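Keep in mind it's a predicted model, so treat the numbers as computed, not measured.
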Amino acid sequence: EALQAAMALSIQTADKEERKPDMGALISLKALEAECKPGGDASLWRAKVKVIEERYVRMRRVRGDGNCFYRAFFASWMYSFKSEQKPSAS
């Protein structure tokens, strides 16, 4: 819950500063297909998207600055910890 609150705050702050958020909301991978421009590489692009769709359901966009790799890695790491947590027996 704290991670979601931090993400929401990041998005709100970015909106105020009129820049892209550090991390966007979860979106469908169909958004990648929509970005495909008609042309010679369109079939290759769609094939790559299909391979990604076999493994993942959704994605988040990360602001492309000098820290984008670290931001994406850290967020993925935190989400993996969150998904591994087991509810405590009360």
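Taking 4.5 Å as the limit, every side-chain heavy atom of Ser76 sits out of range of all side-chain heavy atoms of Phe73. Counting heavy atoms from C-beta on, the side chains of Leu32 and Met59 come closer than 4.5 Å. For the pair Asp65/Arg71, a side-chain contact is recorded, criterion being any heavy-atom separation below 4.5 Å from C-beta on.
In summary, of the residues considered (Leu26, Ile27, Asp22), a side-chain contact (heavy atoms from CB on, under 4.5 Å) with Arg61 occurs for Ile27 alone. Just one of Glu53, Arg58, Arg55 meets the side-chain contact (heavy atoms from CB on, under 4.5 Å) condition when paired with Leu29; it is Glu53.
The shortest heavy-atom contact between Val62 and Ala72 is CG2-CB, 3.9 Å. Taking every heavy atom of both residues into account, Gly24 and Arg60 meet most closely at O-NH1, 3.0 Å.
Hydrophobic clustering of Ile, Leu, Val, Met, Phe, Trp and Tyr side chains at less than 4.5 Å, counting indirect connections, unites Leu3 with Phe81. Connection of Trp77 to Met23 is established within a shared hydrophobic cluster, with ILVMFWY side chains joined at heavy-atom distances below 4.5 Å, either directly or through further cluster members.
The environment of OH in Tyr79 is crowded: more than 12 heavy-atom neighbours from other residues, nucleotides or ligands sit within 6.0 Å.
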